[in-house]
Amino acid sequence: MIIEPRTRGFICLTSHPTGCEQNVLNQIEYVKSKGKIEGAKKVLVLGASTGFGLASRITSAFGSDAATIGVFFDKAPTEGRPGSPGYYNTAAFEKHAHKAGLYAKSINGDAFSNEIKQEVVNLIKEDLGQIDLVIYSLASPVRTHPNTGKRYKSVLKPIGEVFTNKTVDFHTGVVSEISINPAEGDDIENTVTVMGGEDWKMWIDALKAENLLAEGATTVAYSYIGPEVTKPVYRNGTIGAAKDHLEATAFEITDDLKSIGGKAYVSVNKALVTQASSAIPVIPLYISLLFKVMKDKEIHEGCIEQIQRLYSERLFGGDLALDEKGRIRVDDWEMYDDVQEEVAELWEKATTENLAEIGDLQGYSDEFFNLFGFKVPGVNYEADVNEVVKIPSEK
Ligand code: NAI
Ligand code: NA
């Protein structure tokens with residue numbers, strides 16, 4: 001079939017298998033071009049199919065020849081209905097990992113559930129014995145709690161007062177003012193339950209209880225801080241409360257791992273166009289200005305550049321360069337004073353009329369479509385493709 005992008009609001013309903021495969025290939029090539037990393041050899045990636053999690057899986061496999069198990073929640077394609085991009089990404093990743101002689105198996109299901117944790121436990125026991133690196137990169141708007149069956153929804157709201165600022169609809173380029181009402185009722189608790197550290201700790205507890213973590217095992221979860229302009233809705237908002245909880249959980253997990261000399265870290269990453277970040281108001285305008293400034297300064301990075309640098313320079317580079325709160329920072333270039341000052345100036349000026357010029361609106365839009373395998377250079381979108389691709393390890 002011929003597959004075209006079909007968008008509704010901030011989501012794209014279709015995705016392209018050839019474009020997704022090309023994205024994965026480009027990331028593999030990038031990692032290979034940077035040389036070998038003396039890193040972990042048996043890696044579990046939770047949230048492995050898109051964004052930072054996929055980049056982590058690719059960096060482990062093609063940077064350190066690691067065996068990888070990837071967990072994610074994606075829609076498989078059926079006749080006439082494309083799957084979700086994470087499904088196609090994983091099919092492509094496994095295909096090329098296997099071709100390179102690397103172990104790669106995947107589990108598609110709800111990582112918050114006891115059942116999927118048990119499946120992963122069984123798979124590690126059967127195939128790998130022990131894991132030395134666990135990457136926690138889940139991003140989800142909902143979580144069904146495994147102990148109670150209660151379904152929690154996260155929200156993106158400021159705390160305490162209404163937040164009003166600029167935003168952009170990156171499909172139309174229209175800059176407008178948006179007001180977001182503050183959290184109410186259980187909004188904060190619910191968001192912490194979905195995106196905080198509880199599930200991360202549950203994963204590590206489950207693995208440790210079965211003796212599936214190797215001596216000195218490391219686990220890393222991803223966080224974000226960002227600039228002043230997004231603070232009310234991001235870091236000081238409901239999602240920021242969840243990130244505070246996630247960051248605090250790293251210390252708890254490190255305590256739990258003392259007996260095996262293990263460590264838990266949070267890495268604060270750069271703002272990037274991913275499915276998760278496109279849904280947060282104000283962030284797309286910030287990202288389009290940030291990209292412009294960082295590209296002009298030739299310090300722009302995407303997911304794969306971020307994670308390759310995290311691995312090669314921090315995690316396995318001998319210098320974690322932790323901040324005052326014990327976090328790894330690969331958002332360091334985003335947070336450079338000159339970058340933030342220039343973005344803040346542009347922010348004041350940005351209007352519908354000038355954004356295409358002063359910001360990287362085109363870059364944002366292209367990267368958004370790239371997430372779904374569209375507008376990827378070198379892909380022939382007129383060609384007939386088989387949408388019913390399968391992930392090789394899927395039963
Ligand atoms: P993403 O949306 O690209 O990836 C999320 C992954 O989680 C996908 O593999 C998806 O299949 C999986 N997933 C979602 N719900 C699941 C479930 N119930 N069970 C199993 N898998 C599930 O997200 P992205 O942007 O890569 O985010 C990953 C982490 O990085 C998040 O903690 C996010 O806050 C953080 N981060 C994101 C930044 C950004 O700008 N996108 C910046 C800095 C940190
Ligand atoms: Na991810």
Would you say that [X] contacts [Y] through its side chain, given a criterion of any heavy-atom pair below 4.5 Å between the two side chains?
X      : Y      : answer
Met202 : Asn147 : yes
Leu44  : Leu207 : yes
Val134 : Leu46  : yes
Leu272 : Ile287 : no
Ile307 : Asn269 : yes
Glu79  : Val388 : yes
Ser140 : Phe112 : yes
Val282 : Phe163 : yes

Lys/Arg N to Asp/Glu carboxylate O, [X] vs [Y], below 4.0 Å:
X      : Y      : answer
Glu247 : Lys325 : no
Asp205 : Lys117 : no
Asp331 : Arg329 : yes
Asp244 : Arg235 : yes
Glu210 : Lys125 : yes
Lys295 : Asp360 : yes

I'd like to know if the side chain of [X] and the backbone of [Y] have a donor-acceptor N/O pair within less than 3.5 Å.
X      : Y      : result
Gln306 : Val330 : yes
Glu305 : Gly302 : yes
Ser393 : Lys105 : no
Thr59  : Ala55  : yes
Asp65  : Lys41  : no
Ser267 : Tyr222 : no
Thr50  : Gly86  : no
Asp186 : Asn190 : no
Ser312 : Ile37  : no
Ser278 : Pro284 : no

Looking only at heavy atoms, which two atoms of [X] and [Y] are closest? And how far apart?
X      : Y      : result
Asp132 : Ala214 : CB-CB, 4.3 Å
Leu285 : Ala350 : CD1-CB, 4.4 Å
Lys75  : Tyr87  : O-CB, 3.5 Å
Thr164 : Ser179 : OG1-OG, 2.8 Å
Gly109 : Val71  : O-CG1, 4.5 Å
Ala91  : Pro392 : O-CD, 4.0 Å

Glu382, CD: over 12 other non-hydrogen atoms inside 6.0 angstrom | no

Does atom CG of Asp337 have more than 12 heavy-atom neighbours, drawn from other residues, nucleotides or ligands, at distances under 6.0 Å?
-> no

If you measure from [atom1] on [X] to [atom2] on [Y], what distance do you get to the nearest 0.5 Å?
X      : Y      : atom1 : atom2 : value
Trp333 : Lys297 : CH2   : NZ    : 13.5 Å
Phe374 : Arg6   : CZ    : CZ    : 9.5 Å
Phe368 : Phe170 : CZ    : CZ    : 4.5 Å
Gln130 : Glu215 : CD    : CD    : 8.5 Å
Glu394 : Thr90  : CD    : OG1   : 9.0 Å
Leu257 : Ile260 : CG    : CD1   : 5.0 Å

Can you hop from [X] to [Y] via hydrophobic side chains spaced under 4.5 Å?
X      : Y      : result
Phe291 : Phe52  : yes
Val273 : Trp347 : yes
Tyr364 : Val339 : yes
Tyr30  : Leu54  : yes
Val233 : Val155 : no

Derivation of the side chain to side chain contact (heavy atoms under 4.5 Å, CB included) call for Glu21 and His96 = CA-CA 9 Å; Glu21 179 168 13; His96 292 285; 2.7 Å; yes

Kindly indicate, with the supporting measurements, whether the criterion side chain to side chain contact (heavy atoms under 4.5 Å, CB included) is fulfilled by Glu387 and Tyr88.
-> CA-CA 9 Å; Glu387 68 281 13; Tyr88 290 137; 3.7 Å; yes

Hey, are [Y] and [X] close enough side-chain-wise for a donor-acceptor pair under 3.5 Å?
X      : Y      : result
Arg57  : Thr68  : yes
Gln362 : Asp366 : yes
Thr18  : Tyr381 : no
Ser49  : Asp74  : yes
Ser154 : Thr191 : no
Asn23  : Gln27  : no

Applying salt bridge (Lys or Arg N to Asp or Glu O under 4.0 Å), run through Lys32 and Glu29 and close with a yes or a no.
-> CA-CA 5 Å; Lys32 285 176 27 183; Glu29 281 316 309; 3.8 Å; yes

Under the side chain to side chain contact (heavy atoms under 4.5 Å, CB included) rule, what do Leu133 and Ser60 come out as? Steps first, then yes or no, please.
-> CA-CA 9 Å; Leu133 175 64; Ser60 284; 4.2 Å; yes

Identified side-chain hydrogen bond (donor to acceptor under 3.5 Å, both in side chains) partner of Thr219 from the options Trp203, Tyr136, Trp200 | Trp200

Could you walk me through whether Glu4 and His16 pass the side chain to side chain contact (heavy atoms under 4.5 Å, CB included) check?
-> CA-CA 8 Å; Glu4 286 175 348; His16 200 283; over 6 Å; no

Plane angle bin for Phe316 and Tyr311 - parallel if under 30°, tilted between 30 and 60°, otherwise perpendicular = perpendicular

What's the verdict on salt bridge (Lys or Arg N to Asp or Glu O under 4.0 Å) for Glu301 and Lys270, showing C-alpha distance, side-chain angles and the deciding distance?
-> CA-CA 8 Å; Glu301 295 174 301; Lys270 178 195 181 197; 5.6 Å; no

